[in-house]
Amino acid sequence: MCLGFSIVTQAQIILKADFTDNATAKQVIPYNLNVYNRITPINGINPVRDNKNPKFCIVRPLGGIAKKGEADITKDSYKWDAKSKKFYTDFTLIKKQLDGIFDKGLEIHQIVLDNPSWAFQRNSKGKLVGDSLKVATYGNAEPPRDYSAWANYLKEVMQFLIDTYSLEKIGDIQFNIGREIGTPSHWSGTKEQFFEFYKTSTNAIRSVILEAKVGTHFLWGSSKNAWGTDFVKWADAHKVHYDFVGVSYYPFYQKSERTNFDEVYAKDFAVIKDIPEWNKNAKLEMHEYSLIKSISKAGNSFERAPDAHQNTFMVGLMKMFYQNNMQNVFQWGDGSSYLPASNLLLEMQGNTYFESNKEGKQQVENNYVDAIFTKDAAKNQYNILAYNYNANPDAINIETIKIKAFVNVKKGTKIKYRIAKYNKIENNVAWSNWLETYTQEEDKGKSSIVFRDNLPVFSFLKYEVVLPLKSN
């Protein structure tokens, strides 16, 4: 007996997992959607709509900021005094940015050590190259003229943070050296210069905070200036420490080569993370992300894809994360673009993710149809979150799916279940009442949970199944 919201005559796609096979249990899944980017938040942070412990990444906290194409030295924490002809530090605005988060009882996940203050374009005697500052799109993209001065400055920054907030509090924050490296407007130097810059920076940071979590951020693996793979190989060869690598991902919602999750992982992320030189104790994070409809000519602003596409795509993106042990999507804005999907994903935090298989024939070849299968051992609950995405933004179709999950109970065991379905017109999720059905007979003492349903393109659905507590 298989119940659902609708009567379906024939399943075309079979999505199945074996909850009795521990070899297919991959990991206990975290909630990857609670980190938010904020650029130089001197005036405090905007609220977010996340439902679980939002954390923040502070971008450009050190200075080196441009305003209307001109260097804004008022935001700098390292300065040149032309009268005394001396360099000095001023951490007033760094403190203001951190206080704006800590004073609200919120957490900082990451501080980005990018855009050196404008004074770092001066040599040890305070002289500029060409007697003028070089200003890029995002501010100061120049490597420091004096790496020794940069190292000493970072040591001062770290000591200031410890003295102001305590080692325990600062020790929970990771430090990202550079931002979207490979982009000339973020780093104008060579790849080799950046690797040396990274090494100098990590040595300085960890000379003050011995166990500091450090890493960096590159473009996606298939981009023109993708340095992530070379960084991992260089770090391995030179025994340089990193705890994480961040990657940007801005897929156009209408391009199949940017939205096919298997292809995207293989060419953009696996080339960094799944190579022999990768530090197995490190994590791969997504430090910038948005599913976009268009981007500005300068490349520094974009238009987001519609809500239904955002939500459906996010479910597929999280399956890619769980399957490949990626962590944390750093978001812009308040997280509202895919709130219906993120709420369902939040409910699955702490579940065990199981690998699954896909069989059968799709009605539309270009649909991306798959599902996330998880088990909540504490509740003896099983969750299946299925989605249907297509790179054609105007697609109108419905796939017929059969969901099948093997469980360790006798055939005919009564189970409870309910279904959540996404309404793309209202951009919300509606739950059914709790229903009952029975497990079906399978070989080798197993039984199975089977559901059949319809899954429109740009939508997703979730089955929550509860077994009797006495079962395993």
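Keep in mind that this is a model prediction, so the values were computed, not measured. If you read the sequence from its start, that first residue is 1, and numbering goes on from there.
At a threshold of 4.0 Å, the pair Asp18-Lys446 counts as salt-bridged, since one of the basic side-chain nitrogens sits closer than that to a carboxylate oxygen. Classification of Glu257 and Lys267 as a salt-bridged pair fails, no side-chain N sitting under 4.0 Å from a carboxylate O. Ion pairing of Arg179 with Glu288 is present here, as a side-chain N (NZ or NE/NH1/NH2) and a carboxylate O approach within less than 4.0 Å. Ion pairing of Asp268 with Arg258 is present here, as a side-chain N (NZ or NE/NH1/NH2) and a carboxylate O approach within less than 4.0 Å. For Asp230 and Lys233, the salt-bridge test fails: no basic side-chain N is under 4.0 Å from an acidic carboxylate O. Between Lys283 and Glu285 a salt bridge is recorded (basic side-chain N to carboxylate O distance below 4.0 Å).
Dense packing is recorded around NZ of Lys358, with more than 12 heavy atoms of other residues, nucleotides or ligands lying under 6.0 Å away. Within 6.0 Å of atom NZ in Lys424, more than 12 heavy atoms from other residues, nucleotides or ligands are found, so the atom counts as buried in its surroundings.
For the pair Lys169 and Tyr165, the cation-pi criterion (under 6.0 Å, within 45° of the ring axis) is not fulfilled. Taking the centre and axis of the six-membered ring of Phe19, the NZ or CZ atom of Lys375 falls outside the cone set by 45° and 6.0 Å.
Contact detail for Phe458 and Ala395: the closest heavy-atom pair is CE1-O, 3.6 Å. For Ile401 against Ala386, the heavy-atom pair with the smallest separation is CD1-CB, 4.2 Å. Taking all atoms of both residues into account, the shortest heavy-atom contact from Val271 to Ala266 is CG1-O, 3.4 Å. Between Ser77 and Leu62, the shortest heavy-atom contact is OG-O, 2.7 Å. Contact between Pro306 and Tyr253 at its shortest, heavy atoms only, is CD-CE1, 3.5 Å. Summarising the geometry of Thr259 relative to Ala391, their closest heavy-atom pair is OG1-CB, 3.6 Å, with the distance given to 0.1 Å.
Side-chain atoms of His217 and Val245, non-hydrogen and from C-beta on, never get closer than 4.5 Å to each other. The shortest distance between side-chain heavy atoms of Leu291 and Tyr338 does not fall below 4.5 Å. Contact annotation: the side chain of Phe302 approaches that of Ser290 to within less than 4.5 Å [non-hydrogen atoms, C-beta and beyond]. Looking at Leu161 and Phe91, their side chains never come closer than 4.5 Å, going by heavy atoms from C-beta outward. Within the 4.5 Å cutoff, no side-chain heavy atoms of Asp243 are placed close to those of Asn281. Put simply, the side chain of Gln327 reaches to within 4.5 Å of the side chain of Asn32, judged on heavy atoms. Proximity of Tyr368 to Ser256: side-chain heavy atoms (C-beta onward) are separated by under 4.5 Å at one or more points. The closest side-chain heavy-atom distance from Phe102 to Lys104 is not below 4.5 Å.
For Phe269 and Tyr249, the ring centers sit closer than 6.0 Å to each other. Centroid-to-centroid, the aromatic rings of Phe120 and Tyr78 come within less than 6.0 Å. Aromatic pair Trp234/Phe194: ring centres not closer than 6.0 Å. Between Tyr198 and Tyr242, a ring centre-to-centre spacing not shorter than 6.0 Å is recorded. Ring-centre distance between Phe373 and Tyr353: not below the 6.0 Å cut-off. Aromatic pair His109/Phe330: centroids less than 6.0 angstrom apart. Centroid-to-centroid, the aromatic rings of Trp187 and Phe197 come within less than 6.0 Å.
Side-chain atoms of Trp150 and Ser201 form a donor-acceptor pair, as typed in the model, at a separation below 3.5 Å. Judged by distance alone, the side chains of Asn46 and Asp334 never bring a donor and an acceptor atom under 3.5 Å apart. Asn383 and Gln381 share a donor-acceptor pair across their side chains, judged by distance under 3.5 Å alone. Checking Gln323 against Glu355 by side-chain atom types alone, a donor-acceptor pair falls below 3.5 Å.
Scored by the ring-ring contact (aromatic ring centres under 6.0 Å, His included) test, Tyr422 finds Phe460 as partners (sequence neighbours excluded).
When the options Tyr389, Phe313, Tyr322 are evaluated for a ring pair (Phe, Tyr, Trp, His ring centres under 6.0 Å) with Phe261, the one that passes is Phe313. No option in Ile29, Ile384, Leu385, Thr352 other than Ile29 meets the side chain to side chain contact (heavy atoms under 4.5 Å, CB included) test with Thr374.
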